[in-house]
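Report on one structure; see the data block that follows.
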Amino acid sequence: MCGIIGYAGEREAAPILLGGLRRLEYRGYDSAGLVVARDGKLCITKAAGYISNLSEAVHGGADLPGTVGLGHTRWATHGKPNETNAHPHISDGGKIAVVHNGTIENYTRLRDFLVSKGYEFFTQTDTEVAVNLIAYFYAESGDVLHAVASAARRMEGQYALGIICEDAPDTIIATKRDAPLFIAVGERENFIVSDVTAVLEHTRTIIRLRDYEIAVLTKDGVTLVTSELDEFTRETETVGWDVSSAEKGGFEHFMIKEITEQPDCVRAALSPRLRDGGIYLDGLGISDEYLRSVERIYITACGTASYVGLVAKYVVEKLARVPTEVVYASEFRYSDPIITDRTLVITLSQSGTTADTIAALREAKRRGAKVLSIVNVVGSVIAEESDWTLYTYAGPEICVASTKAYSTQLALSYVVALKLAQVRGTIEPERFSELLRVLATLPDAIAATLPLREQIQYLASRYASRDNMFFIGRNVDYALAVEGSHKLKEVSYIHSEAFAAGELKHGTIALIEDGTPVVTVAAYSPLLDKTLSNAAEVKSRGARVLAVTTESLREKVESNRDAVDDCIAIPDFEELFLPSLAIIPLQMFAYYCALERGTEIDKPRNLAKSVTVE
Ligand code: AGP
């Protein structure tokens, strides 16, 4: 996620801004920049890549003297990760500079408006639209605070903004909506930060800025106003965190932080695509005619991304009735796949740099397929080489074990499946509208599973001691079992395997011993009885069964003492999208088992965040 720091004080701003940006490096970024107000001018330096590149460019800040400035680390969402697109962005005419976190969803409409007013644009970013919109209102009113308030009222989406105006060089203005931004208060110096980690070495006194509020900072003080410019005051708070835990937002590990972030990440993935009762694949250019022509779909990826594909297969086939095959990328490329110009290949990848997935993509294209990718890292190889790319907007995923990438890829898989079904006429319009309406509530439904955390932590303490664990399920529950087993292995080092529940009696059941844990995913109601009978098979042979089911099935599952020992129940939700809820307890279970076993959760042994070799 991007990082923001602003400074207004008596010390040289640039070294303080660079130090704060370094504190934000852990959040992941691809470029960085500074703006410092000096002698009535805004002096900007930006650099692609690491902050060290930026620091070298300004000789550690010496080349940017001045006591008021803004700094930014960018995680690209709109526009490639390069120096041009790095922040700060300056308005056409050069009077106003802005740093921005988030995505302004209506930026194309706003840019068209500004172009019609004669504004020129030089980057691909939504941020340049924001700074020019502020400049437009500033030109009208001559009051930069008024201009910020006017512009903020017209922007849709998520934003945290830091603003400096050439005509008020000792002042920083800040505002936000659905993105974190804090004011930090020092001795004759004040800061804005998107993450308190960046300023803990200077001050622990903060003021939380709330959505639509605006802060005006100088070295002498902080003024807070509402979106209607009415002044108000707010108590300061003292940050108790140390830097290490602040980097994780107060969580013990990135993994549990990222599990908890999933409602917001899924919202960021879905909201630009679900509007006005329709699906907008944000300018992909994929034609309805092409989607109607598709006769076969391959989903190819690696690891967790491929297990998203296992769930997506069920949803695509159920909704769009297109034969869909999920193939590991490392297998796909050597499997002589049957591909025609009516074959759609979907690749899934968090990093966009997984070697096997890149190779599979290239092989698919070489054979004449079109490739749609669902990717998190903007401008990555997979994103650039695909015919169409849907970004998940999940922000950097720091933990090696993928959680929010899984959930956002899965959410976008539903969107693709619904789009296919709609254009191919395999879904009734009423059902389409109903599913779209329900899908828009998915973030809140996922959030409703998070309180299961305590129960899952307790259960993990009772299961984590075993060195072998099995996961079983049927249909889409089997696909979930595969990812649940994968997550457990990655972070707890417990040997684990997932099996189609109906397969157990054909061999694997020989491995069941007294006390062998078997996690039974039993959320798919049409096959519940079958799944419970498979659970009873293993329980009768000594297994300890932990079931994951839904609230409405809880009574039936929990009361079946021949099949189940422990039960986790997720809230009820549309069956098609239930995997997005059922995966949460499986992720948490893996996390808490690892916590019990004291493993290196965020950076498990032998694993890399992106496997860039074959
Ligand atoms: C996920 O928990 C793992 N780190 C791994 O399986 C990962 O999903 C796989 O390597 C694919 O990575 P990608 O999504 O970046 O392509």
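Atoms within each ligand, like the ligands themselves, are counted from 1 in listed order.
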For this session: Answer yes or no: is there a side-chain heavy-atom contact under 4.5 Å between Leu319 and Tyr414?
Result: no
List every atom of ligand 1 that sits less than 4.0 Å from any heavy atom of [X], numbering the atoms from 1 in the order shown and giving each element.
X      : result
Ala305 : 8 (O), 14 (O)
Gly303 : 6 (O)
Ser402 : 1 (C), 2 (O)
His486 : 6 (O)
Ser351 : 13 (P), 15 (O), 16 (O)

Considering heavy atoms of the protein only, find what lies nearest to [atom] and give residue, atom and distance to 0.1 Å.
atom                    : answer
atom 9 (C) of ligand 1  : Cys302 O, 3.7 Å
atom 4 (N) of ligand 1  : Val400 O, 2.8 Å
atom 12 (O) of ligand 1 : Thr354 OG1, 3.4 Å
atom 14 (O) of ligand 1 : Gln350 N, 2.7 Å
atom 2 (O) of ligand 1  : Glu490 OE1, 2.5 Å
atom 10 (O) of ligand 1 : Val611 CG2, 4.0 Å

Tell me whether [X] is salt-bridged to [Y], with the criterion being a basic N under 4.0 Å from an acidic carboxylate O.
X      : Y      : answer
Glu385 : Arg362 : yes
Asp264 : Lys404 : no
Arg597 : Asp467 : yes
Lys603 : Glu600 : no
Lys80  : Glu384 : yes

Exercise. What about Tyr307 and Tyr406, are their ring centers closer than 6.0 Å?
Worked result: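 No - the distance between ring centres of Tyr307 and Tyr406 does not fall below the 6.0 Å cut-off.
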Exercise. Among all residues two or more places apart in sequence or in another chain, which pass the ring pair (Phe, Tyr, Trp, His ring centres under 6.0 Å) test with Tyr290?
Worked result: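 Checked Tyr290 against ring pair (Phe, Tyr, Trp, His ring centres under 6.0 Å); matches are Trp388.
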Side-chain donor/acceptor pairs under 3.5 Å, residues 469-484, sequence neighbours excluded:
unit_1 : atom_1 : unit_2 : atom_2 : d
Arg474 : NE     : Asn534 : OD1    : 2.9
Arg474 : NH2    : Asn534 : OD1    : 3.1
Asp477 : OD1    : Tyr524 : N      : 3.4
Asp477 : OD2    : Ala523 : N      : 2.9
Asp477 : OD2    : Tyr524 : N      : 2.7
Glu483 : OE1    : Thr304 : OG1    : 3.0
Glu483 : OE2    : Thr304 : OG1    : 3.2
Glu483 : OE2    : Lys487 : NZ     : 2.9

Has ligand 1 got any nitrogen or oxygen that is less than 3.5 angstrom from a nitrogen or oxygen of [X]?
X      : answer
Gln409 : no
Ala401 : no
Lys487 : yes

Exercise. Does NZ or CZ of Arg74 come closer than 6.0 Å to the centre of the six-membered ring of Tyr29, within 45° of the ring's axis?
Worked result: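 Not flagged: Arg74 not positioned over aromatic ring of Tyr29.
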For this session: Answer side chain, backbone, both or neither: which part of Thr304 comes under 4.0 Å from ligand 1, heavy atoms only.
Result: both
Exercise. Could a heavy atom of Leu607 be found less than 4.0 Å from some atom of ligand 1?
Worked result: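 The answer is no, since Leu607 has no heavy atom less than 4.0 Å from ligand 1.
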